[in-house]
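All residue numbers refer to positions in the sequence shown, counting from 1.
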Amino acid sequence: MQTSALPDLAHTATKPVHWLATAAAMAGVVALAGLLQPRTATATATAPEKRTTTPVSAPDPATVDFPLECGGAGTTVAKQAPGDLDGDGRPETVAVVHCDAGSGTPPSGIYVLTQQSGAAPRVVATLVDPADRKTVGEFAVREGRVSATLLGYSSLEVPRCCPDQEEQASWRWKGHAFVRTSGDLARSV
């Protein structure tokens with residue numbers, strides 16, 4: 001080992017006074033840090049239960065022009081149900097609509113309505129087209145799914161008062177469209 005030609009440095013020979021000076025300096029830094037805290041933040045997060053959001057109402061089908069050819073007879077909204085079908089937090093309305101025939105059993109259409117803030121409600125999807133010549137029995141919107149019992153006729157000889165076919169159908173939003181998820185085959189009543 002080689003010895004240093006330099007004299008011993010003062011900091012290499014510690015004495016109790018050095019330890020006291022270091023402890024006092026550290027205590028001063030900690031105390032100063034406690035006094036120099038940042039200002040209190042002025043923005044606060046609002047707790048979910050304290051938020052004041054206006055509930056969004058489902059579109060009103062009474063204010064919509066449906067794509068039905070009724071020859072001037074007008075339309076009837078037979079059934080309607082709200083639900084958030086696409087998961088965006090805003091409810092849509094599903095409406096079962098037919099021409100106001102006065103008598104008989106006119107075919108129904110099932111339409112999905114949406115409404116943007118400040119805009120009029122509009123039809124965004126047709127789940128059942130009246131051209132399919134179906135009427136709607138049971139109908140529900142639950143957990144993002146539209147389900148319906150569709151009633152139809154096996155032939156032109158079957159009286160229009162008495163459908164002889166029934167099928168269960170349901171639709172769910174997938175990606176960018178409503179997809180029919182069940183009930184592809186009709187069965188006789």
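- Residue pairs meeting the disulfide (SG to SG under 2.5 Å) criterion with at least one member in residues 124-160: none, sequence neighbours excluded.
- In the hydrophobic clustering, where aliphatic and aromatic side chains (Ile, Leu, Val, Met, Phe, Trp, Tyr) are joined below 4.5 Å either directly or transitively, V158 groups with Y153.
- For the atom pair H98 NE2 and K79 NZ, the distance stands at 9.0 Å (nearest 0.5 Å).
- Tracing side-chain contacts under 4.5 Å through hydrophobic residues (I, L, V, M, F, W, Y), one never reaches V136 starting from V77; they form parts of separate clusters.
- One hydrophobic cluster, built from ILVMFWY side chains closer than 4.5 Å, cannot hold both V146 and V123; they sit in different ones.
- Residue V97 is not grouped with residue V128 when hydrophobic side chains (ILVMFWY) are merged at heavy-atom distances under 4.5 angstrom, including chains of intermediate members.
- Side-chain contact annotation: S108 with T135, donor-acceptor N/O pair under 3.5 Å absent.
- To the nearest 0.5 Å, atoms CG (L151) and NZ (K134) are separated by 8.5 Å.
- Heavy atoms only, all atoms of each residue included: P107 and R133 are closest at CB-CA, 3.8 Å.
- The shortest non-hydrogen separation linking P106 to A101 is CG-CB, 3.9 Å.
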When the side chains of residues 58-76 are checked against the rest of the protein, which donor-acceptor pairs come out under 3.5 Å, sequence neighbours left out?
residue	atom	partner	partner atom	Å
D60	OD1	A62	N	3.1
T63	OG1	D60	O	2.9

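- The ring-ring contact (aromatic ring centres under 6.0 Å, His included) check on F139 picks up nothing, with sequence neighbours excluded.
- Remark: Q116 pairs with T114, A119 by the side-chain contact (heavy atoms from CB on, under 4.5 Å) rule, at least two apart or across chains.
- Between the side chains of Q168 and T149, at least one donor N or O sits under 3.5 Å from an acceptor N or O.
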Please report, to 0.1 Å, the donor-acceptor pairs under 3.5 Å made by any side chain of residues 81-89, with sequence neighbours excluded.
residue	atom	partner	partner atom	Å
D84	OD1	G87	N	3.1
D84	OD1	D88	N	3.3
D84	OD2	G89	N	2.8
D86	OD1	D88	N	3.3
D88	OD1	R90	N	2.9

Run the side-chain hydrogen bond (donor to acceptor under 3.5 Å, both in side chains) test on Q80 and T93 for me, step by step, so that the C-alpha distance in whole Å, both residues' side-chain angles and the decisive distance to 0.1 Å come before the verdict.
CA-CA 7 Å; Q80 64 181 351; T93 297; 5.8 Å; no
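- For the pair V124 and R122, the minimum side-chain heavy-atom distance is below 4.5 Å.
- Without hydrogens or angle criteria, W173 side chain to G175 main chain gives a donor-acceptor distance under 3.5 Å.
- Under the 4.5 Å side-chain heavy-atom criterion for ILVMFWY residues, no single connected hydrophobic cluster contains both Y111 and V94.
- Clustering ILVMFWY residues whenever any of their side-chain heavy atoms sit less than 4.5 angstrom apart, transitively, puts L113 in a cluster other than the one holding V141.
- L150 approaches A169 most closely through the heavy-atom pair CD1-CB, 4.0 Å.
- By the 4.5 Å heavy-atom criterion applied to side chains, L127 and F178 are counted as neighbours.
- Q115 has its side chain out of reach of E92: every pair of non-hydrogen atoms, C-beta onward, lies at least 4.5 Å apart.
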